[in-house]
Amino acid sequence: MKSITIRDTKENIPVGKILCIGRNYAEHAKEMKADVLETPVVFIKPSTAIIFDGEEIVIPKISDDMHHEVELVVAIGKSGKNIPASEAHSHILGYAIGLDMTLRDVQSDAKKKGLPWTAAKGFDTSAPVSEIIPAKLISDPHNLTLICRVNGEVRQQSSTDKMISRIEKLIEYISTIFTLERGDLIFTGTPEGVSRVVNGDIIEAELVGFAKIIHQVKSAY
Ligand code: MG
């Protein structure tokens, strides 16, 4: 089992489910030529997809088109089911910066055929994530800047105030479907600017003022 560190504590908690939200920023939906939906798109990555700062991101053999998606990650601290938005914050342990690495060719093919995104989104190394920054250190999670650089060049930069479904609403909605448990992570969706990365590229994902992770991309073939 993968465990994740909570900053400024000696605590390490096992990672449970990784729930990911799609199309939560209008400009990204537009660049993907996808409609913004009334209810969020939810998909899951296995916890084996997690890697931490400095580890390699590996493009599996099934793909020749990997994209970065920088995202704010919410870590769940208190378990719950059918959590009302008004109580969502009491279930949040903290926040992290993450990358929802995506095999865009595999995903496009799956979309065309009406098949699940599991391989395109859940492969090993598809979920690089920082340590958890305790919620008490972040006064407004909807006023954070996300940046993704590739080889030093900014590819994505946006604010979490552009999220379509806010964190409280996401927790409310997701918890009507899945029991949320301590150690679950929610990837809250990516802003515009996603792009391809190739063997040897260096990806930096930053939650400005709080956390940064750096990863090199490696091709499996
Ligand atoms: Mg994403």
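Indexing begins at 1, ligand by ligand and atom by atom, following the structure's order. Quick caveat: nothing in here was measured; it's all calculated off a predicted structure.
When the side chains of ILVMFWY residues are joined at heavy-atom separations under 4.5 Å, either directly or via intervening members, Y95 and I50 end up in two distinct hydrophobic clusters. Note: the hydrophobic cluster containing I21 does not contain V73 (ILVMFWY, side chain heavy atoms under 4.5 Å, direct or indirect links).
Any protein N/O/S atom under 2.8 Å from the Mg ion (ligand 1) was counted, giving 3 altogether.
Comment: K162 does not engage E192 in a salt bridge, judged by the lack of any side-chain N to carboxylate O separation of less than 4.0 angstrom. With respect to the salt-bridge test (charged N to carboxylate O, under 4.0 angstrom), the residues K45 and D100 qualify. Residues R104 and D65 are not paired through a salt bridge, judged by the lack of any N-O separation under 4.0 Å between the basic side chain and the carboxylate. Under a 4.0 Å N-O distance rule, the pair E172/R166 does not qualify as a salt bridge.
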